[in-house]
Amino acid sequence: MPLTRNFADALGLLTICLVALLVLLGFCCIAYLFYFRIRVRRQEFIQLSYFDGPWIIRTTFIFLAIWWGFGEIVRLSFLRQEGRVLHALSLQWQETVCKCYIVSNLGFAEPCLFLTLVFLLRAPLQNMENGILSQKWNGRTVGYILLYCFPVFLLQLIVILIGPLLNKGNSSVHVLPPYFTRAMHQTNDIAVCTYPLLNTILLGLFATVLTIYLFWLGRWILKLVINKGLQKRVYTLIFSVSSFLPLRALLLGLSVLPKSDDFQFEVLVFSAFLALVFCAGVCICLLVYLPISDCLAVGNPHDLEARRRVVDENNDTVSLIANQSHLEESIGISPERNSDASTKQGSISFRAYGRDGSSTGTFVELSLFSPSRDVTPPGSPPPLGWPMRSPPQVH
C-alpha cells in the first residue's frame with residue numbers, strides 16, 4: 001500500500017512528541033536525583049545514603065535514553081522533505097546521516113542502554129564493600145559498560161562500512177541481497193533511512209543474550225526481595241525488558257520486507273520505536289524515580305521518631321502497659337514485632353545468601369527509622385538504618 005505524505009508526517013510529529021516527553025521525564029528525574037543527593041550529603045538522609053550510591057549510573061542511563069531519542073528524530077524522513085531542516089543536504093550527505101544513525105543507535109546507544117540496565121539490576125547482588133557503597137563502583141561500572149559495548153559497536157561499524165562493497169563490482173561479488181547492507185533508500189529525491197538486516201541481526205543477538213541473562217538475574221533478585229511492592233516492580237521491569245527488546249529487533253528485521261515508501265514500512269519502524277521508548281520510560285520510572293520517591297516519602301527518620309516520641313509523652317491517658325508495648329513497637333525492642341511491622345515502617349528487607357547460593361536463614365533489613373545518626377566508634381556494630389556489611393572474604 002503506497003504511503004501518503006500526511007500519514008508519514010503524522011508519524012514523524014508523533015515520534016518527535018514522544019521523544020520530547022522522554023527527554024522531559026529524563027531531566028525531571030535527573031533534577032530529582034540531584035535533589036536527593038544534596039539532601040543526603042547534607043546528612044538529612046544519611047541513613048539512606050545506600051540508595052544514592054548508583055547516582056552516576058542512573059544519570060548515565062537517562063542520558064543514553066535521551067541520546068537514543070535524538071537519534072530517532074534524526075532518522076525521520078519528515079525532516080528531509082522540502083522546507084525542512086535536512087532538505088538542504090545532498091543525497092550523499094543524507095546517506096551519511098543514515099549510516100551514522102545506525103552506528104550511533106544500534107551500535108552504541110541501545111547496547112549501552114541494555115548494559116546499564118543490567119548493571120543497575122545486578123548492583124544489589126554484589127558485595128556491599130565492593131558494590132554500591134564503594135566510591136569506585138560507578139567509575140568501574142561505566143568502564144565495564146563501554147568495554148562490553150565496544151565489540152558490538154565495532155561489528156556494526158564494519159557492517160556499515162564493508163557491507164556496501166559486497167554489492168559492487170561483477171555479479172560474483174553479489175553474495176547478499178541489498179537489504180542486508182543498505183542503510184538508505186531514495187524515494188522522490190528524499191533519503192529514507194532503512195535498517196540493514198545484518199545490523200538488525202547483530203542487535204537481536206545482543207538483545208537475546210541480555211534477555212536470557214536478565215531472566216537469570218531476576219530470579220535471584222526475586223529471592224532476595226521479600227517486600228511485595230518491590231516484587232511487583234521487579235516483575236514489571238523484567239516483563240517490560242524481556243518483551244520489548246526482542247520485539248524491537250523482530251520488528252526492525254521485518255521492516256526489510258516492504259518497500260521504504262509503503263505504509264507497512266512506516267508502521268513497522270514506528271512500532272519498533274514505540275517498543276523501546278516505552279521500555280526506556282518504564283525503566284527510568286522504576287530504577288530512578290520510584291526509589292528516590294520512596295526515600296523522600298519516608299522523610300527524615302529522626303524527625304519522624306521525634307514526632308512519635310512527643311505523641312507518646314503527651315498521651316497521659318494510656319496505661320503503663322500500653323506505653324511499654326508502644327515503646328517496644330517504636331524502638332524495636334521486640335524483634336518479632338519489629339520484623340512484622342517493618343513493611344509498615346518503610347523498611348526494605350533482603351534475604352542473605354552465601355556464595356554457593358544457599359540461604360543463611362537471616363535477613364538484611366534496611367530500617368528507615370534509626371534512633372541515632374551519630375557515627376559509631378570503631379569495632380561497634382552498625383546502627384539501624386545502615387546496610388549490613390558482609391565480613392571480609394578469606395582467600
Is the shortest heavy-atom distance from the side chain of [X] to the side chain of [Y] under 4.5 Å?
| X | Y | result |
| --- | --- | --- |
| F278 | L22 | no |
| R219 | W216 | yes |
| L203 | Y195 | no |
| V277 | T15 | no |
| L64 | T116 | yes |
| Y289 | C28 | no |
| V159 | L155 | no |
| P54 | L287 | no |

Over 60° means perpendicular and under 30° means parallel, so classify the ring planes of [Y] and [X], tilted if in between.
| X | Y | result |
| --- | --- | --- |
| W55 | F34 | perpendicular |
| Y35 | Y32 | parallel |
| F7 | F263 | tilted |
| F27 | F63 | perpendicular |

Using the rule that two of Ile, Leu, Val, Met, Phe, Trp, Tyr join whenever any of their side-chain heavy atoms come within less than 4.5 Å, decide whether [X] and [Y] are in one cluster.
| X | Y | answer |
| --- | --- | --- |
| I212 | Y148 | no |
| I162 | L154 | yes |
| V103 | L146 | yes |

Euclidean distance, [Y] [atom2] relative to [X] [atom1], rounded to 0.5 Å:
| X | Y | atom1 | atom2 | result |
| --- | --- | --- | --- | --- |
| W93 | C100 | CH2 | SG | 8.5 Å |
| S271 | L252 | OG | CG | 10.0 Å |
| L251 | F244 | CG | CZ | 11.0 Å |
| C193 | L79 | SG | CG | 10.0 Å |
| F153 | L202 | CZ | CG | 13.5 Å |
| I102 | I160 | CD1 | CD1 | 5.5 Å |

Run the side chain to side chain contact (heavy atoms under 4.5 Å, CB included) check on F114 and I145 step by step: do they pass? CA-CA 9 Å; F114 304 161; I145 291 172; over 6 Å; no
Donor-acceptor pair, side chain of [X] and main chain of [Y], under 3.5 angstrom:
| X | Y | value |
| --- | --- | --- |
| Q94 | A191 | yes |
| S293 | L290 | no |
| R80 | L76 | yes |
| T194 | R182 | yes |

Closest heavy-atom contact between V282 and S240? CG1-OG, 3.7 Å
Which heavy atom of V269 sits nearest a heavy atom of S255, and at what distance? CG2-CB, 4.1 Å
Are there over 12 heavy-atom neighbours, none belonging to Y213, within less than 6.0 Å of that residue's OH?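 For Y213, atom OH is crowded (more than 12 foreign heavy atoms under 6.0 Å).
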Show, in sequence, the C-alpha distance, side-chain angles and deciding distance for I284 and L25, and conclude whether the side chain to side chain contact (heavy atoms under 4.5 Å, CB included) test is met. CA-CA 8 Å; I284 289 175; L25 174 64; 4.2 Å; yes
For a side-chain hydrogen bond (donor to acceptor under 3.5 Å, both in side chains) with N105, tell me which candidate from R75, E72, Q156, E110 qualifies. E72
Between S77 and E266, does a side chain to side chain contact (heavy atoms under 4.5 Å, CB included) hold up when you go through it step by step? CA-CA 10 Å; S77 58; E266 287 291 339; 4.2 Å; yes
Below 2.5 Å, is that where the SG pair of C112 and C149 sits? no
